[in-house]
Amino acid sequence: MDRSASLPSSSSSPSAGPAQPAESSALSRAERFVWLTARVLEQRRFAYHFLGGGAEAVETALAAYLGADGGYGHALEPDLRGPVSQPLHAVHALRVLDGIGRCGGQRVERLCRYLTAVSTPDGALPAHHPSPRGYPAAPWVPSADGPRSDLLTTGPVVGLLHRNEVWHAWLFRATDFCWAAVAALAEGGAVTRPYEVGAAVAFLDGAPDRARAEAAAERLGRRVREERLVVPGPAPERVEDRPQPPEHGPGVPLQVHDIARTPGSLARRWFTDAEVERSLDSLVAAQQEDGGWPPHRRSWTPGATLEWRSVATIEALLTLRAYGRRI
């Protein structure tokens, strides 16, 4: 991308005083938002993806969330507060590492040992592992003494590890769990959380058996289309218009760009070109006046909401760029 066509001059630095003019690019307005509000990790990620920053700086920022057990904590995933390592933090960490091409090495080896230690009896990951002390968490994060295996965490972790050609003993049973869970989802299993579809796609996009993944994605896509599990049209209705129990975390129904994050995703095949373009148009329009994007989360504490906004802003920009949209 030609940065000179997307970013203003040095006036976009964090010390700049006046607000960006209305005609400034989406990227320049997002940059100002990130420098004003984001955690160091998101600032480093933004610099890497859009300003030519280095991967090592991102790794250094991510290391602040690393625990002695090889997992990640300290609210890396903003809906889980406190220092304790959790599987949802591992999902977030692997996405960061995958984005900078550093999803491997001893750090990931240690993370796999952590995943082995917290897995359920069938070898998969729970959404939330009971910690020795209770720390604040969003009301939709499940917490139980005997947590069940969950595609929400296991799918993205397994998919990202396979995509980066990481091989570890933990992956064998966890991969089998994902195949079974995706098949059940495609065949009409209950979808209690919309993000289960995204977790299934994350697994299928990285699964090494590509023929099997394509067949599974085709079956899942038929269900998604038939039951409208993803909104293929313009901006969806707000959550306030759709009463949901408090354990349902997303703030709005999922759109095409939430599931098919890149043109190469298997989920991209589920939607027409027109549907994809309408979804991307709605993503562009969702940028707020301060330059940031809203998160797909209900607000439960101001700090978590602000942290999620920076994450959502980076993900929105990456999705738009992947589809060739000018930012």
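- Among all heavy-atom pairs drawn from Ala137 and Leu80, the shortest one is CB-CD2, 3.7 Å.
- Across Leu317 and Ala30, no two heavy atoms sit closer than the pair CD1-CB, 3.7 Å.
- Taking the side chain as every heavy atom from C-beta outward, Arg39 and Ser310 never approach each other to under 4.5 Å.
- Open room surrounds CD on Glu218; 12 or fewer heavy atoms of other groups in view lie less than 6.0 Å from it.
- No more than 12 heavy-atom neighbours from other residues, nucleotides or ligands sit within 6.0 angstrom of CD on Glu56.
- For Glu214 and Arg210, the salt-bridge test fails: no basic side-chain N is under 4.0 Å from an acidic carboxylate O.
- Using a 4.5 Å cut-off on side-chain heavy atoms (C-beta onward), Thr319 and Leu280 make contact.
- We find the CG-CD distance between Leu76 and Gln86 to be 12.0 Å, quoted to the nearest 0.5 Å.
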Check against side-chain contact (heavy atoms from CB on, under 4.5 Å), Arg102 and Arg107: CA-CA 10 Å; Arg102 297 287 181 93; Arg107 181 174 295 178; over 6 Å; no
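- In terms of heavy atoms, Gly292 sits closest to Thr313 at CA-OG1, 3.3 Å.
- Remark: Arg298 is not positioned above the aromatic ring of Trp140, lacking an NZ or CZ atom under 6.0 angstrom from the ring centre and at most 45 degrees off the axis.
- Within 6.0 Å of CZ on Phe172 lie no more than 12 heavy atoms contributed by other residues, nucleotides or ligands.
- Listed for the Ser279 side chain is a donor-acceptor partner under 3.5 Å among the backbone atoms of His257.
- In this structure, Phe33 has its ring center at least 6.0 angstrom away from the ring center of Trp293.
- Using a 4.0 Å cut-off between a side-chain N of Lys or Arg and a carboxylate O of Asp or Glu, Arg325 and Asp281 qualify as a salt bridge.
- Note that CD of Glu42 is 12.0 Å distant from CZ of Phe46, once rounded to the nearest 0.5 Å.
- Heavy atoms of other residues, nucleotides or ligands lying less than 6.0 angstrom from CZ of Arg44 number 12 at most.
- A side-chain donor-acceptor contact under 3.5 Å links Asp205 to the backbone of Leu266.
- Between the CG atom in Leu27 and the CZ atom in Arg321 there is a gap of 8.5 Å [rounded to 0.5 Å].
- Side chain of Asp258 to backbone of Gln255: a donor-acceptor contact under 3.5 angstrom is found.
- A salt bridge links Asp290 with Arg309: the distance from a Lys NZ or Arg NE/NH1/NH2 to an Asp or Glu carboxylate oxygen falls below 4.0 Å.
- When side chains are defined from C-beta on, Phe203 does not count as touching Thr154, because their heavy atoms never get closer than 4.5 Å.
- Between the CG atom of Leu161 and the CG atom of Leu111 there is a distance of 7.0 Å, given to the nearest 0.5 Å.
- A donor-acceptor pair under 3.5 Å links the side-chain atoms of Thr175 to the main chain of Leu171, judged by distance alone.
- Glu275 and Arg225 are joined by a salt bridge, as a carboxylate oxygen and a charged side-chain nitrogen come within less than 4.0 angstrom of each other.
- Val96 is listed as a side-chain neighbour of Arg45, based on a closest heavy-atom distance under 4.5 Å.
- One distance of note links CD1 of Ile314 with CG of Leu41; it measures 7.5 Å at 0.5 Å rounding.
- Residues Leu66 and Gly70 come closest through the heavy atom pair CD1-O, 3.8 Å.
- Hydrophobic clustering places Leu283 together with Val201 (ILVMFWY residues linked when any side-chain heavy atoms are closer than 4.5 Å, directly or through intermediates).
- Under the 4.5 Å side-chain heavy-atom criterion for ILVMFWY residues, no single connected hydrophobic cluster contains both Trp308 and Leu318.
- Within the model, atoms OG1 of Thr301 and CG of Leu306 stand 10.5 Å from one another, a figure rounded to the nearest 0.5 Å.
- Both Val157 and Tyr195 belong to a common hydrophobic cluster when Ile, Leu, Val, Met, Phe, Trp and Tyr are linked at side-chain heavy-atom distances under 4.5 angstrom.
- Linking Ile, Leu, Val, Met, Phe, Trp and Tyr residues whenever their side-chain heavy atoms come within less than 4.5 Å leaves Val40 and Val58 in two separate clusters.
- Side-chain contact between Leu125 and Val118 is present, with heavy atoms from C-beta onward closer than 4.5 Å.
- Closest approach of Ala38 to Gln43, counting heavy atoms only: O-NE2, 3.2 Å.
- No more than 12 heavy atoms of other residues, nucleotides or ligands lie within 6.0 Å of CZ in Arg163, so this atom counts as exposed by the packing criterion.
- Connection of Leu88 to Val311 is not established within any shared hydrophobic cluster, with ILVMFWY side chains joined at heavy-atom distances below 4.5 Å, either directly or through further cluster members.
- Heavy-atom minimum distance, Pro130 versus Pro147: CD-CG, 3.6 Å.
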